[in-house]
Amino acid sequence: MEHHAVTRNGSSPSRSLAGRLALRIVVVYLVMGILWIALSDRALAMLVDDPVLLTWLQTFKGWAYVLVTALLLYGLIAWQMHVLAQANVRLEERGLHIARLNRVHAMLSAINGAILRIRHRDSLLRESCRIAVDTGGFDLAWVGLVNADARTLSPVASAGDALDCLDGLSLCIASGDPDAHPMAADLCARLPFVVNELSAIPPMDECHSRAVARGFRAMAVVPFFNGSQLLGVLGFLSRQATVFDADELQLLTEVAADTGLGLMIIDQAQALERSTRYDPLTGLPNRGLLEERIGQALLRARHHRRYIGVMALEVLGLRAVIDSLGRQQGDRLQQVVARRLLSRLREGDTVAHLGNGEFALLLCDLRMGMDVSEVADKLLEPFELEMGGDLPPLHVKLSAGAAVYPGDAESGPELLHCAGVALHQGGAQSHAGRCVFYAREMDERVREYQALDNELQGALQRDEMHLHYQPIVNTRDGSVLGVEALLRWDNRRFGSVSPGRFIPMAEHSGLILSLGEWVLEQACAQIAHWRAQGWNHLHMSVNLSARQLLTPGFDTQVVKVLERHGLDKDDMPLVLEVTETAVIEDMEQVSEALFRLKRLGIAVHLDDFGTGYASLSYLHRLPVDALKIDQSFVRGLGGDPVAENLIRTLVVLAERLDLSLVAEGVETDEQRDILRRLGCDVAQGYLFARPAPAEQIEGLFPAPQG
Ligand code: C2E
Ligand code: CA
Ligand code: CA
């Protein structure tokens, strides 16, 4: 504003200057005139006596007066006109300077406006250059940013003409480096680098020579910083010489500082956005952003009458990996899965990480709902992940649930909910490698699952758990060889809940670790008690879940329990049962863990044998003592010749491998007889006894020895 006032009143100083000049001329003229009149007559009278000559001389003096004053006037006017012209030139220059400053000022405020308005780095930088050219009046403007190497700086945005001047520009800004650019020292010292006549200095680089060839004459490069760290520069080129003076550089420095600030604001805002909308572990969108994208996809789908698929995916066994190998390996597993999913999706689809190994996918613009299964097949293919060191590779499996719009739900959160319900239908583990589609009746089951899971969390504290024991007998004489401890849960709301329901839940939530510890403690206390009462040959079988087995330090936990109850390695009553499926899941690790248990003198039985569909050859490598033939085979005995053949094969196999056999689920005399005939001497089943509390089971034991 101030500058405007100066320009508008620009004519008044020149008017007063003209008045002063006129006055000066008049004064000199007056003084000369008065001196002439006062002195010339007197001087003539003193020098000349002859009156005729005096008259003639006086006439001549009049002429001389006119001539001298004319010359004097000419000299005076010429001199003063020169002064006036010079003052005018200075004034004009000042006006131009002020106009330039005004333009730079306008540029500063326009760039500040852009900083407040624009949310993207590149757009802001491009806009700043455009403003510098259009508003600032520069012929070329550019922005350079320091590269990731922190050594070089390259242009990232520019505007104006002859932009090819900047081609290949890369300034080494490492001061002290022999390759450092001539500008580096000034820039690093927070000073603008200014050249007011480009052709007057030796070329600094190719860009400099090109700029001279394109007619550029003046250049300023102004640095901007983040604290003490150089972030970048603003460069201005002009075809006029000597345009950059202190005032203008001051303004340009301000422009540069504001641009740097703008960039930092954008970076911070983006970091904030990332942290609230992206998952830090995988870099994938989080639930909030996914829901937003589903919302947008729904709008399009409604309009174009297309389908949308939403899938929920779970990385199976993640908890076991975290329990046994640590959080870091668990994180790596999730990152690998994230990359894999991302690489297998179409452009436009979204994969999000919801946390804890759960991912969700948005499949847009489908022609049919069933297109989801095609994508699912691609995504759910199992793969092997190298774990490094001497760890065996991990078999990674995913399972999925899917919901489709229209049909299942109408909004993002609902679709995600339905996909989640489908995923957990029957437990994600139960459909490894497959995608289950949502159906309405699943909701009720999921609500119940959640309610039951809630109750389960507090079951131990509320003392709702107890153990039943089922005898394992010799089929020849019916004598009891040992018992299997089976967990029972009597809940305040749901009554008696079967372990077939709550054990998988506890495995999923991780509660199995504390439940298992409690079972082991109780069972060991019980067998120690029975042994103390004289039943010296009984053994106690305890079921183990794979997660317990793979928990680091599980064997030391077992040692402590054994010590607490005085159970001795030499006459170890404890038998641990591990299911065949748990073993195949992670053969190498399970087998290592089993070896550690064997060293404690504990026998290991392979439970539910025959359901794992594993090759029999692996049995060689496992430190197991007995196979427990699954109930499904025993059930077929006495009618189904295939079942009988199978048992016969198992008997031969067990003999070959020097393993014992235990038949489970024996319910009839006929089944017992066939087993006996086939050579399977040890069995367990309702025929002999149902699982029952310790006091009832005791009644079946022979009279204590000793
Ligand atoms: P499992 O280890 O195979 O246990 C045998 C199951 O068969 C028991 O079911 C038992 O009651 C049942 N059973 C025994 N004899 C017969 C019979 O003649 N006919 C029929 N139909 N069934 C018979 P339960 O108690 O319901 O346990 C189911 C599963 O839950 C167990 O299968 C085991 O895998 C798991 N489980 C039970 N307690 C524990 C525990 O403390 N820890 C772990 N990790 N798992 C447990
Ligand atoms: Ca068992
Ligand atoms: Ca079993």
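Note that ligands are numbered from 1 as they come in the structure, with each ligand's atoms numbered from 1 the same way.
Restricting Glu484 to its N, O or S atoms, the one at the least distance from the Ca ion (ligand 2) is OE2. The Ca ion (ligand 2) sits nearest to atom OE1 when only the N, O or S atoms of Glu577 are considered. Taking the Ca ion (ligand 3) as reference, the nearest N/O/S atom within Asp607 carries the name OD1.
Neither the backbone nor the side chain of Leu515 has any atom closer than 4.0 Å to an atom of ligand 1 (non-hydrogen atoms only). Only the side chain of Val519 comes within 4.0 Å of ligand 1, judged by heavy-atom distances.
With rounding to the nearest 0.5 angstrom, the CZ atom of Arg690 is 12.5 Å from the CD atom of Gln696. To the nearest 0.5 angstrom, Gln334 atom CD is 8.0 Å from Thr282 atom OG1.
One option in Glu667, Gln671, Arg488, Gln470 has a heavy atom closer to atom 21 (N) of ligand 1 than any other, and that option is Glu667. Comparing His468, Arg690, Arg547, Glu664 by heavy-atom distance to atom 3 (O) of ligand 1, the nearest is Glu664. The nearest non-hydrogen atom to atom 39 (C) of ligand 1, considering only Asp608, Asn543, Leu467, comes from Asn543. Compare Pro499, Ser498, Ala485 by their heavy atoms: the one nearest to atom 28 (C) of ligand 1 is in Pro499.
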Problem - Working for ring-ring contact (aromatic ring centres under 6.0 Å, His included), residues Phe701 and Trp530 - result: CA-CA 10 Å; Phe701 297 166; Trp530 278 331; 5.0 Å; yes

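Using a 4.5 Å heavy-atom cutoff, the side chains of Val682 and Thr475 are not in contact. A heavy-atom distance below 4.5 Å is not found between the side chains of Ser399 and Arg434. With a 4.5 Å cut-off on side-chain heavy atoms, Phe688 and Ile472 do not count as touching. Residues Leu657 and Val624 have side chains not in contact (no heavy-atom distance under 4.5 Å, counting atoms from C-beta outward). A 4.5 Å side-chain heavy-atom check between Leu460 and Trp518 finds at least one atom pair inside the cut-off.
Contact annotation: Asn543 places an N, O or S atom under 3.0 Å from the Ca ion (ligand 2). Contact annotation: Asp608 places no N, O or S atom under 3.0 Å from the Ca ion (ligand 2).
Open room surrounds CG on Asp658; 12 or fewer heavy atoms of other groups in view lie less than 6.0 Å from it. For Gln328, the CD atom is loosely surrounded, since the number of other residues' heavy atoms within 6.0 Å does not exceed 12. Around CG of Asn356, the count of heavy atoms belonging to other residues, nucleotides or ligands within 6.0 Å does not exceed 12.
Note on ligand 1: Gly516 sits outside its first shell, no heavy atom being nearer than 4.0 Å.
When only non-hydrogen protein atoms are considered, atom 11 (O) of ligand 1 lies nearest to Pro691 CG, 3.4 Å. Protein heavy atom in closest approach to atom 31 (C) of ligand 1: Leu486 CD2, 4.3 Å. Summary of contacts: the protein heavy atom closest to atom 18 (O) of ligand 1 is Tyr686 N, 2.8 Å. Nearest protein heavy-atom neighbour of atom 38 (N) of ligand 1: Leu487 N, 3.1 Å. Distance from atom 12 (C) of ligand 1 to its nearest protein heavy atom, with residue and atom name: Gln631 NE2, 3.4 Å.
Distances from atom 41 (O) of ligand 1 to the protein include at least one heavy-atom value under 4.0 Å. Under the 4.0 angstrom criterion, atom 34 (O) of ligand 1 counts as lacking any protein heavy-atom contact.
Here is the list of ligand 1 atoms found below 4.0 Å of a heavy atom in Glu484: 2 (O), 4 (O). Close approach to Asp607 involves these atoms of ligand 1, each under 4.0 Å from a residue heavy atom: 1 (P), 2 (O), 3 (O).
With Ile629 as reference, Leu650 is the one residue of Val651, Asp607, Asp608, Leu650 to meet the side-chain contact (heavy atoms from CB on, under 4.5 Å) rule. Remark: of the listed residues Gln684, Glu484, Glu664, Gln684 is the sole one forming a side chain to side chain donor-acceptor pair (under 3.5 Å) with Gln470.
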